[in-house]
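Heavy atoms only: backbone and side chains are in, while hydrogens, waters and symmetry mates are out. Residue numbers begin at 1 in each chain, while the letters A, B, ... track the order of the sequences.
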Amino acid sequence: MSETPDILRVNQLRISFQLQRGALDVVRGVSFRVPLGKTVALVGESGSGKTVISQAIMGLLPKAGSISGGQILFDDPLKVDGGEPVDIARLPRDGREIRHLRGGRIGMIFQEPMSSLSPVHTIGNQIEEALRLHRPIKAGEGRSITEAMLEMVGFKNPHRAYRQYAFELSGGLRQRAMLAMALICHPALLIADEPTTALDVTIQAQVLNLMRSLQSDLGMSILLITHDLGVVANMADEVVVIYHGEIMEAGSANDIFRHPQHPYLKALLAALPHFDMKPGERLTALRDTSGDLAPVMTSRRQTLAEQTSTAQPSTPILAVNNLRKTYPGKRSGILGKRAERVVAVSDVSFEIKRGECLGLVGESGSGKTSIGKLIMRAIKADSGSVVFNNGSGPVDVLALHGPAGRRFRTAIQMIFQDPVSSLSPRMTVLNIIREPLEIHNQGSPSEQTARVADLMSAVGLDRRFLNRYPHSFSGGQRQRIGIARALALDPELIICDEPVSALDVSVQAQVLNLLKDLQRELGLTYLFISHNLAVVDYIAQRIAVLANGRIVEIAPRGVLFRSPAHSYTQALLKAVPFPDLDHPLDFTSVALRGASNPKNWAPQFQDEGDPASLTPIDLGQGHIVLARATIDRKELVA
Amino acid sequence: AIETPFFAERVATGKLPAIDQRLPEQPRVLDMQSMGRIPGKPGGTWRMLMGDQRDLRMVTLYSYARLVVFDEKLQLVPDILESFEDQDDKVFTFHLRKGHKWSDGQPFTAEDFRYYWEDVALNPKLSPTGPNVALLANGQKPKFEIIDPETIRFTWDTPNPAFLPSLAASQPVYIFMPAHYLKQFNPRYAGKDDLAKKIKDAHVKDWSALHERMSRQYRPENPELPTLEPWRNTTPPPADFFVFERNPFYHRVDENGRQLPYIDKIAMMLGTTNLIPAKVASGEADLQARYINFEDYTFLKHAEQANNYQVELWQQGYGARAALMPNLNAADPIWRKILRDVRFRRALSLGINRRDINRVLFFGLARESGNTVLPESPLYKQSYADAYTNYDPAEANRLLDLVGLDKRDGEGFRLLPDGRRADIVIETAENDTVDTDILELVGDDFAKLGIRIFNHPSQRDAFRQRIFSGQVIMSMAEGLDNAVPTEKFEPDALAPSAESQFQWSRWGLYFESGGSQGEAVDMPEPQHLLDLLHDWRHSTSDAQRKTIWDEMLSINADQVYTIGIVNGTQQPVVVDGNMRNVPKSALFSFEPGSFFGIYMPDTFWYDVKSE
Amino acid sequence: MNALPPSSGKLVHYVSDAPFDVQSVKRLTPEQERVYLASQWRLMWWKFKRHRLAVVASLVLLVLYGTIPFSEFLAPYNGSTRNTDFIRSPPQKMHLFHDGQFVGPFVYGKDYRLNMTDLKRDYTVNHANLQRIRFFCHGDPYQFWGLVPADVHLMCPADGGTLFLLGSDRLGRDVLSRMVYGARISLTVGLIGISISFLLGITIGGLAGYYGGWFDLLSQRAIEIVHSIPHIPLWLALAAVMPVTWSPMLVYFGITVILGLMDWTGLARAVRAKLLSLREEDYVLAARLMGAGTPRVLFRHLLPGFISHLIASATITIPSMILGETALSFLGLGLRPPVISWGVMLNEAQNMNVVALYPWLMLPVVPVILVILTFNFLGDGLRDAADPYN
Amino acid sequence: MLRYLIRRFMIMIPTLFFTSAIIFTVINLSPTDYFSNYVAELQAQGEKADMSRVEFLKREYGFDKPPVERYFLWVGGLLHGDYGYSFEYQLPVKDVVGDRLYLTILVSFSTILFTWLIAFPIGIYSATHQYSWADYGLTTLGLLGLAIPHFLLALLFMYFANVWFGLSIGGLMDPQYLNASMSWGKVRSVLAHVWIPVLIIGTAGTGAMIRTVRANLLEELQKQYVTTARAKGLHPFRILIKYPLRLAMNFFISDIGSILPSVVSGAELVAIVLSLQTTGPLLIHALQTQDMYLAGSFLMFLATLTIVGVLISDIALAFLDPRIRLQGGAR
Ligand SMILES: Nc1ncnc2c1ncn2[C@@H]1O[C@H](COP(=O)(O)OP(=O)(O)OP(=O)(O)O)[C@@H](O)[C@H]1O
Ligand SMILES: Nc1ncnc2c1ncn2[C@@H]1O[C@H](COP(=O)(O)OP(=O)(O)OP(=O)(O)O)[C@@H](O)[C@H]1O
Ligand SMILES: [Mg+2]
Ligand SMILES: [Mg+2]
């Protein structure tokens, strides 16, 4: 081990941003290395400068940012012997040398895959472009290599995917497209900035496995930036912990996980949600913000008390029945025949009671976001109904309009999966968070501003960020802006689409605690979509598992995790990576590939071509599983 | 006679008969010396710049070949005709030139007159409103006789003194047509299938449309139409460049026996009229006056040397370069009453500082005068020109107070009896800077009388429509079109006889339509003018006509029906340095004179030393 | 601050010993509070101020527009005062020194002679005739704001002298004074016209792009139709029907409105095309889900994403509006005397005589250029101020 | 797509019908007609119109019939490819327009080419080099073109082209070539003249185009996908062309509908000022003289081109941006 040279050495790197008023030092003297063929994980609080460092390595800092000191030495293993390592910090922007490195020698996966793809080019085109640029390939070969790559990152139908556009893909699929783009050139160094946030655990395991095998086959080195300590434990050889642009602790994975020393690292590890938490147990966040919470909540306590007394506790606040949504397929060529429609959501029914949190997990691309959007009426359902009842009688959401529709909008809010594109790029954070208040005329302008400031601190953001524009934030910060906005109106139901995927565990703990407090104090209801099963386990009372657009299993959290009935649920649970060096994920044995493919499921869950042959079967205790009607219940529990 | 080099080759190859076969037995011989001109030599191209295809008629005007023509002293002389006889203005006998031929070599005979009279003028399809008014005396058609192939006669019961002048007019009444050519379009003579095919090829509805299109003589669009003019068109429209070639059978020769015209070709280039002064200044025209204005003089003069031309100043032949025309038929009753008050019209006339206008806009070269005949006319009297043209704002103000405009508003502007402000919108046709400037200056003068005026230019057509309907209170336009008449010209412009007389268009329409449209004259003086016009039409002697003219002119001057501002304004004429026989200074007018026509451009020639 | 770990050596476990304080979020001073809680408008204003050219441009525009209420005072002559003895006089130069001696601002008088050979008025500078310019002086009388009779001018010619700093026109009117008066019409016509066309273009294009569907279908057809009727016949037709009795001022408004009405289609289509793709963005969806109404989504979320184009097209449309009336005049539908505008003045300058002999009559093109440049630089500044990435 | 196309073609029918009605109305809005106009013109000079002929013509062209009937006669003719008859030229409209069309297309295409060739590179340059001296300089130059009225520019150009190069004033060729058939001399003469209108018509358009290209490109250059492309190691120029430029073209594509008609109508007013032998002056003249079939058919031709142009632009937009194509924007 000690013989491997370092492919990347970052020495005393300092990066600052030029802001309206003065400079902002974001990275303050960071040094670390990436040894050849190894994986180094960069972990740290949201906004601590991880992404900025990776941008600096690629020479892609935004206009406002500049390297104010230090070196980034890249030692290309392919270089002829004796060549000095290049200092990327000194290369001219967009010059020939740096262009050669980018993509070809250093690949990068961006943190926000959703908005990083061109909206007007097919993903195949964009991936193949990178390939052609850096790998000598024969004419006509490009497409097949690209499709093979797409398949490797988990596209079920790579041929079709090649011709799809970014907006036709779910968040996870887009992330996989980005992965494919970065990996297709076989770079010597891969910088993966949160490469798996939008992926469910089975796909995540598959992707991680792919990275590992490329690493061993090609000697690729990886700089892995992630919040998921489970991933870190399973992937990293060395770990660097960063906080506020400075390194707090660095060492081998062993050192970090077994002998954490710095208070920050200790706090991080303590903030992790784990599966055996007692009901009501709170996560320990680095900063406790329950004090900041008071002003956020008081505003509605009063009205709430009256409401809860009138509403019967048993009536669900939201009932979804037989929801179905298909997207039009694509034609081949201009005049070609229309391909099959994509069924995104099929025959989905569930209920959420007031004050409850329903977790929604499932494979990436299985239709979770679509369900959220259907409930919000952001897209039109093909069939089915959504009934909302906040005590003043049931309303059919799909038929709402006029003032009732307006009232509905204040009662239900959504946190978007993609924080980048859901924030107007030309509005300051202040205006973004204040907007719902303005729309619904709540309070005077100064009251609104005050409330915005309170919300900001509740989600752990500095008030000084208020007049910055969304693009100048880190991924996690943006996500929190989205959360603050959703909370602004005191809604009764929030649809949270991956609300904490970009947050480090301590901030995640802070936000989860906030959500939980709100739920308890205000009776807030959530539909919580997440890939992080530990998070879902912590926050949700009941969990629904979605596969291929259908709910395959739904159960209270304890039941689901203790005795999962469906093959898919079982596969999911097996694929969860633990932040524990003693429980490494078995990448080889787990039947990761195609966990969502019904063919790999137990026969009682296969529909054999007729979707109607499957029905929800009640196993008691609210545990329902989708299986063949003819099957005996015993068989399912076994 | 001497053969023209231009035709030498064609004559040699037998395509064209020799010069002696081409000329009539008795050509019209012009004695250059006695005319004060120099006999010249043939050759060259006359380049002229024009606006649009309608201007093709300029060649007809400039050519000025008519059955009879006015000479420079405005006497009627035979031109195409060898001679004519006029008995009491009732019986007219015309003698054609023996051997005279159309430009295609076919003989020009009495048949051509008969064809026009019988097959065109009397054909209800071709002439839905009957023969031209010039051919009617007291509403009656003449008796047409062919005495022999070279002699014809028109006979009326009552005198028709306007007949000969109308044949000599710049825009003549054509009483003959090339029968041999046009018969192919007339079902009376043409084969049915043949004609049907021609109609189809020409994309027209029927034979009459085809005939109409093929027979335009005034505007020579049809290159195939035989002509008697000095030049014939060779370019079929549409085109931007028309080339005219000399007519090999033209009937005029000079004293040396050279067939006229001297100039072989006319090249007419069409284009934007605003650019014409600039193009002329860069030497792109050889003899040009149309579309050149007085303001362009300096500019043209500056390039004289460089481009070898001279700019001459001719005199324009209008009765007034600009005249205000109060509309006596205005629809607004209050205004009509005021406009009909002679004191008002006199007041306005007295209120114009003509000297100032002349100085500012015309370098003092124009004449400050009412709208009347020019001194060049034998009918001119100083008193006509001077009537109410002195600048006397005090008297003007006094008169205005008298006509009921004595009340004024806070700003000092006069009010109408009904309390409206007496603002006058003066309408003009098109946007002419000189008109605008004149009105600007007049506006300043009238402001001193307590009257504000506004200029409203509009498209000529819309402008006329508004006048005809009485919506216009006052307009401004050129004065008398023919300001150098002799008593032989009809004095119709002085009496309410045509709708196009802007001061009384509805009375004019009444007269024109024989009382079926418009309004009958209901004022004594205009009625008197009409009576005088009637007298002229039945007059039999020049002396009688002269007294009628005198009386009409003096009534017009005294009544100030139109308020002339200046006349005798200058028209720049650009002449190529090598062109000879072009008068240095002359009268430039459409009627009489056909612009250049009366000076016979067929006698102009290029003096090129090297050739 | 940590040291770079040794190359290819085993990584030593490094632990930072810097003090660690999780609650390092500092309290804000009032000054910081002001900065960090400033509204978006204020932020933009701060950014705008840094764009020097734009600031200069806006000052120039301010001055130009500032002259509008005071034209009568600023112009040495009234717009229609004629001086028949000084027709087409070339500009008189302003001097400060005479024979090397300081005398203050003055002009030399001009002698003029009628040149009857080429019919031109020849002016020669008479160095003996020294005419001192008067300031805050009594000159041509006027009605200030149409109400107060006054005769005070910023500067006037010397008694009995002339002051044609930019020459005089064919009726002996002062070109400079007319330019000052002309600013009134020319500077406003563009704004009114552009407001109309932007209002229509943005609303119709915006709604079409945002809603799509039948509204889009109908509005696109309407645009096609408006678009397919060339301007000129419409102008001609309108010229024919516009009542003659309309005062020049009414005609002016009529023309402005027409200019505006004819101009919106291009913008509407551009807005629509852009919105068709922008409306698919998540933030639009987010706004809608918050309950934002169409105007809000359109004006707060969608159009800002298009602001560069809007500003650019506004700043390039203004000149065509200012000059548009010259095109109209060409067809006989322009403004007419006594209305004074730069377009009218330029229209009068449109012949070869002027180009060759009286070039100073083309001077009104200078303020037009100035206005256009300043509007464009102002636009640049605005664009940058609104640009979050900058 | 096919269905979309068919639908769009179907929609064009009522649009065209509507447009024809409007055009007819606009032409007939003027209270006068060709014949009274003709009479007016003649009388202005003291000439007299032969009333008999006027009557004859009026009847010949159906002016005794009510306007509605005339409209249907006209539209009916159009459907059969009969564009009517020009009163002025006494020729079928087709023959009148004739050769002018080619010259117009020559001038227009040269102008468009000129505009694009200059405006695009400059616009791209000044967007990528924002606030460089070259950006300011080129911008100012472009704006100058925008600020000087066409007419004045035309006069200045003609004047100095004549004074300095001895070029004949106005027109598209020296007069001697006007009726001549094609020859080297003629081509040379046309080339010697065509640059003036191209420059004049082009300058304003160029200035405007530079500004819009610049603005739209600046907007796109900051998008995240540009960074993605950079991360791939693409050459900046390739990136520019493939990504931001393509998205910035949106405004441009949406306006190509107006290119087609402008190619044919050819900047009428400038053409008049420059006395070009193109269709523009013909159209204006026809309008001014109320030569209604000539004007009407010509306008209808332009309208059809516009509508086709809009269709093309819609299709191009859909091609350019799949979001529009697939989310059902351009429905
Ligand atoms: N363009 C920018 N302008 C100004 N500040 C910026 C800009 N980009 C990032 N920052 C700031 O730099 C800091 C570091 O950002 P960075 O994106 O590197 O965080 P991160 O560690 O990746 O966080 P996360 O885990 O949330 O993605 C943040 O405080 C952020 O607000
Ligand atoms: N606009 C669209 N057009 C076509 N197909 C779409 C569209 N939007 C989504 N889809 C498809 O619908 C399916 C479900 O998408 P959805 O976004 O609901 O997934 P998801 O469960 O949220 O996945 P992820 O966890 O990756 O975000 C996917 O296969 C996606 O490709
Ligand atoms: Mg980040
Ligand atoms: Mg999703």
Report the distance from atom [atom1] of [X] to atom [atom2] of [Y], rounding to the nearest 0.5 Å.
| X | Y | atom1 | atom2 | result |
| --- | --- | --- | --- | --- |
| Thr139(D) | Leu373(C) | OG1 | CG | 9.5 Å |
| Ile316(C) | Thr212(D) | CD1 | OG1 | 4.5 Å |
| Leu152(D) | Leu361(C) | CG | CG | 10.5 Å |
| Leu217(C) | Ile11(D) | CG | CD1 | 4.5 Å |
| Ile307(D) | Arg221(C) | CD1 | CZ | 8.5 Å |
| Asp314(D) | Asp216(C) | CG | CG | 7.5 Å |

- Query: Taking side chain as C-beta onward, heavy atoms only, is Phe375(C) less than 4.5 Å from Leu143(D)?
  - Reply: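 In short, these two side chains do not touch, never coming nearer than 4.5 Å.
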- Task: Using a 4.5 Å cut-off on heavy atoms from C-beta on, say whether the side chain of Met362(C) contacts that of Leu156(D).
- Result: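 The answer is yes, as the side chains (C-beta and beyond) meet within the 4.5 Å cut-off.
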Closest contact, heavy atoms only, [X] versus [Y]:
| X | Y | result |
| --- | --- | --- |
| Thr306(D) | Glu224(C) | CG2-O, 4.2 Å |
| Pro149(D) | Leu346(C) | CG-CD1, 3.6 Å |
| Ala215(D) | His309(C) | CB-N, 4.3 Å |
| His51(C) | Tyr136(D) | CE1-OH, 4.2 Å |
| Leu155(D) | Asn351(C) | CD1-N, 3.4 Å |

Identify which part of [X] has an atom lying under 4.5 Å from any heavy atom of chain C, answering side chain, backbone, both or neither.
| X | answer |
| --- | --- |
| Ile22(D) | side chain |
| Leu146(D) | both |
| Ser313(D) | both |

- Ion pair check, Glu281(C) and Lys223(D), cut-off under 4.0 Å: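 Between Lys223(D) and Glu281(C) there is no salt bridge, as every charged N stays at least 4.0 Å from the carboxylate O atoms.
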- Can you run down the salt bridge (charged side-chain N to carboxylate O under 4.0 Å, His left out) pairs that involve residues 351-380 of chain C, sequence neighbours left out, and say none if there aren't any?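 As it turns out, the salt bridge (charged side-chain N to carboxylate O under 4.0 Å, His left out) pairs with a partner in residues 351-380 of chain C, which skip direct neighbours, are Asp380(C)-Arg211(D), Asp380(C)-Arg214(D).
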Residue, of [options], that accumulates the most heavy atom pairs under 4.5 Å with chain C:
| options | value |
| --- | --- |
| Val163(D), Leu16(D), Leu218(D), Leu144(D) | Leu218(D) |
| Ile23(D), Ile253(D), Thr140(D) | Thr140(D) |
| Ala295(D), Ala208(D), Ala154(D), Gly207(D) | Ala208(D) |

- With a 4.5 angstrom heavy-atom cut-off, which part of Ala356(C) approaches chain D: side chain, backbone, both or neither?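 When you check distances to chain D, atoms from both the backbone and side chain of Ala356(C) fall under 4.5 Å.
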- Task: Side chain from CB out, backbone as N, CA, C, O: work out which of these in Leu275(C) comes under 4.5 Å of a heavy atom of chain D, or both, or neither.
- Result: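 Contact with chain D is absent: no heavy atom of Leu275(C) under 4.5 Å.
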- Task: List the steps, then state whether side chain to side chain contact (heavy atoms under 4.5 Å, CB included) holds for Glu219(D) with Asp387(C).
- Result: CA-CA 8 Å; Glu219(D) 189 95 355; Asp387(C) 181 1; over 6 Å; no
- Query: For atom CZ of Phe157(D), is the number of surrounding heavy atoms from other residues, nucleotides or ligands below 6.0 Å larger than 12?
  - Reply: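 For Phe157(D), atom CZ is crowded (more than 12 foreign heavy atoms under 6.0 Å).
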- Contacts of His285(D) that satisfy side-chain contact (heavy atoms from CB on, under 4.5 Å) - sequence neighbours left out: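 Here the qualifying residues are Asp52(B), Glu88(D), Thr289(D).
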